[in-house]
Amino acid sequence: MQAKQFINLLGADFYTGVPDSQLKALCSCLMREYGIDPKHHVIAANEGNCAALAAGYHLATGKVPVVYMQNSGEGNIVNPAASLLHDDVYGIPVIFVIGWRGEPGVKDEPQHVYQGQITCQLLKDLGIEFYIVSPETSEAEIATVMNQFRELLTEGKDVAFVIRKNALTDKGTVNNPNQQKLIREDIIRTIAECSQGDPIVSTTGKASRELFEIREQRGEGHENDFLTVGSMGHASSIALGIAAQKENLTVWCIDGDGAALMHMGAMAVIGACRPANLVHIVIDNEAHETVGRMPTVSPAIQLAGIAKNCGYAYTAEIFSMAQLVRELQAARARKQLSFLQVHCGLGSRADLGRPTTSPKQNKAAFMKRLAESGYGMSGTKND
């Protein structure tokens, strides 16, 4: 089904969400229809943020909003869905559109498998009626379901469409205005070189895939890297947890702008804890690139300035490779909590692969590395 037809059948004029590869067609269509417009379409920081925005829209207009997300975002909506939207509380009607990653019987990445198994059960537990949309689903079927859903929405209940792979189509593309020159894989390769064996925690998406392949290209093992393949937005908190317990090691966190924005409160906690052995690097390409290049709000804010006000001892914005090398070397020697915002262009290799080790294998090797004794600050061995 064409995404435009699906939108017309929903009959809403306010959409908010977090982009998803399964919903790329929907997101592309919304960007053409509305762009980013707080009256009609907002790409939010996280899915709970979306649910609250939707509630505000309904309170102001009396109309029904749409919230879109990957099914991994269901966890972020549990609280607002149960304690704000639910008809036992305020009874605020919302149409959820959920991309179904990890659908049982459909091959997917390991971080999506269990979430895929519980996607529909979570909706049942929240009392949300849902309908599964397949590539074969017709406009007439959606129209019939929407007639049924409107009765529930009138009663203040929430409903959902669960979208299977390739169920929505669109021929359009998103034009992201990012003109930055640095390439993310080159940035990560430079970080790997400058870290010199220190532990690295890398964020969800292509960053972790690129780090894995860089190690392969260099003939290195993967024991120094924790690849946060799921749990978007939490890599910096994982890094903080490690840094606090392993004060003799410098811990590097490779983050992304979309991930940092998703749970920005983590920066406040890191700044308050002030671990001297943590270097937090946000590679800022102004987009949710992995799921379709949808824009983030990073161009409108200054992440390095936010980090400074959160209590990071040192912050910097980086625009060139020479500056990156200088800042990485200085951060390694500084022994102070540091935040580096590296401005980056869009794009990745067409042949970029995925980790060939499992998450559990990654965890075991990384924990063994952390358990090794005799390492001082910045990973240099003490004699």
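As the structure is a prediction and not an experimental result, all values here were calculated from the model.
When side chains are defined from C-beta on, L303 counts as touching L261, because their heavy atoms get closer than 4.5 Å. Contact annotation: the side chain of I98 never approaches that of Q70 to less than 4.5 Å [non-hydrogen atoms, C-beta and beyond]. Taking the side chain as every heavy atom from C-beta outward, D255 and I281 never approach each other to under 4.5 Å. In this structure, L182 and N285 have side chains that are not in contact, with every pair of non-hydrogen atoms separated by 4.5 Å or more. Under the 4.5 Å side-chain criterion, counting only non-hydrogen atoms from C-beta, Q22 is not in contact with N71. At least one side-chain heavy atom of M146 sits less than 4.5 Å from a side-chain heavy atom of L10. Using a 4.5 Å cut-off on side-chain heavy atoms (C-beta onward), H41 and F14 make no contact. For the pair L352 and E210, the minimum side-chain heavy-atom distance is below 4.5 Å.
For the residue pair D37 and Y15, no side-chain donor N or O sits within less than 3.5 Å of a side-chain acceptor on the partner. Side-chain atoms of N277 and E247 form no donor-acceptor pair, as typed in the model, at a separation below 3.5 Å. Using a 3.5 Å distance cut-off with no hydrogens or angles, the side chains of E141 and S138 do pair a donor with an acceptor. In this structure, a donor-acceptor pair under 3.5 Å is present between the side chains of N224 and R369.
Few gaps surround CD on Q121; more than 12 heavy atoms of other groups in view lie less than 6.0 Å from it.
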(request) Would you please test E213 and R349 for salt bridge (Lys or Arg N to Asp or Glu O under 4.0 Å) and show each step? (result) CA-CA 11 Å; E213 292 213 341; R349 288 186 290 110; 2.5 Å; yes

query = Do V162 and Y131 pass the side-chain contact (heavy atoms from CB on, under 4.5 Å) test, and can you show the C-alpha distance, the side-chain angles, and the key distance before you say yes or no?
reply = CA-CA 6 Å; V162 179; Y131 185 80; over 6 Å; no

Is there a salt bridge (Lys or Arg N to Asp or Glu O under 4.0 Å) between R218 and E193 once you walk through the steps? CA-CA 10 Å; R218 289 163 59 94; E193 291 170 354; 3.4 Å; yes

**Q.** Audit row: E327, Y314, side chain to side chain donor-acceptor pair (under 3.5 Å) steps and yes/no
**A.** CA-CA 10 Å; E327 290 289 354; Y314 180 86; 3.0 Å; yes

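The CZ atom of R293 sits 13.0 Å away from the CE atom of M31 when rounded to the nearest 0.5 Å. Atoms CZ and NZ, from R32 and K171 in turn, are 11.0 Å apart once rounded to the nearest 0.5 Å. Remark: S202 OG to I238 CD1 distance equals 9.5 Å, nearest 0.5 Å. Remark: R184 CZ to I254 CD1 distance equals 11.0 Å, nearest 0.5 Å. Interatomic distance, N46 CG to M262 CE, rounded to the nearest 0.5 Å: 6.0 Å. Rounded to the nearest 0.5 Å, atoms OG1 (T315) and CG (L337) are 10.0 Å apart.
Although no hydrogens or angles enter the test, the distance criterion places no donor-acceptor pair under 3.5 Å between the side chain of Q245 and the main chain of A243. Counting only distance, with no hydrogens or angles, the side chain of H40 and the backbone of D13 share a donor-acceptor pair below 3.5 Å. The backbone N or O of F319 sits less than 3.5 Å from a side-chain atom of Q323, completing a donor-acceptor pair. In this structure, S208 contributes its side chain and T204 its backbone to no donor-acceptor pair below 3.5 Å. Using a distance-only test at 3.5 Å, with no hydrogens or angles considered, a donor-acceptor pair links the side chain of T137 to the main chain of S134. A donor-acceptor pair under 3.5 Å is formed between the side chain of D108 and the backbone N or O of G102. In this structure, the side chain of T119 engages the main chain of Q115 through a donor-acceptor pair within 3.5 Å. Side-chain atoms of N362 come within 3.5 Å of backbone atoms of L227 as a donor-acceptor pair (strictly under, hydrogens ignored). No donor-acceptor distance shorter than 3.5 angstrom exists from the side chain of E289 to the backbone of L346, with no hydrogens or angles considered. In this structure a side-chain-to-backbone donor-acceptor pair under 3.5 Å is missing from T228 to G230.
Scored by the side-chain contact (heavy atoms from CB on, under 4.5 Å) test, Y90 finds L84, I92 as partners (sequence neighbours excluded). Scanning for side-chain hydrogen bond (donor to acceptor under 3.5 Å, both in side chains) contacts around Q217 gives R189, with sequence neighbours left out. For the side-chain hydrogen bond (donor to acceptor under 3.5 Å, both in side chains) test, residues two or more places apart in sequence or in another chain that qualify with T296 are D257, S298. Annotation: side-chain hydrogen bond (donor to acceptor under 3.5 Å, both in side chains) contacts of H343 (sequence neighbours excluded): E317. Evaluation of the side-chain contact (heavy atoms from CB on, under 4.5 Å) rule for C120 yields W100, F130, I132 as partners, not counting sequence neighbours.
Across every non-hydrogen atom of I43 and P19, the tightest pair is CG2-CD, 3.7 Å. Closest approach of A51 and L85 over heavy atoms only: O-CD2, 4.1 Å. In terms of heavy atoms, G258 sits closest to H288 at CA-CE1, 3.9 Å. The two residues T290 and G205 have their closest heavy-atom pair at OG1-CA, 4.0 Å. Here the closest non-hydrogen pair linking C344 and I283 is CB-CG2, 3.7 Å. A pairwise comparison of heavy atoms in I318 and L340 identifies CD1-CB, 4.0 Å as the closest pair.
Between R332 and D198, at least one side-chain nitrogen of the basic residue sits less than 4.0 Å from a carboxylate oxygen of the acidic one, meeting the salt-bridge criterion. One finds no salt bridge joining D170 and K4 here, because no Lys/Arg side-chain nitrogen approaches an Asp/Glu carboxylate oxygen to under 4.0 Å. With respect to R164 and E103, a salt bridge is recorded, a charged nitrogen being found less than 4.0 Å from a carboxylate O. Salt bridge annotation for E185-K206: absent, with no cationic side-chain nitrogen under 4.0 angstrom from a carboxylate oxygen. Salt-bridge check for E220 with R215: passed, with a basic side-chain N closer than 4.0 Å to an acidic carboxylate O.
Note: F161 and F6 meet the aromatic proximity criterion, with ring centroids under 6.0 Å apart. Note: F339 and H280 meet the aromatic proximity criterion, with ring centroids under 6.0 Å apart.
Residues in residues 219-256 take part in these ring pair (Phe, Tyr, Trp, His ring centres under 6.0 Å) pairs, two or more places apart or across chains: F212-H222, F226-F366, H234-H263.
Only one option out of V66, L26, L168, V97 pairs with I7 in a side chain to side chain contact (heavy atoms under 4.5 Å, CB included); it is L26.
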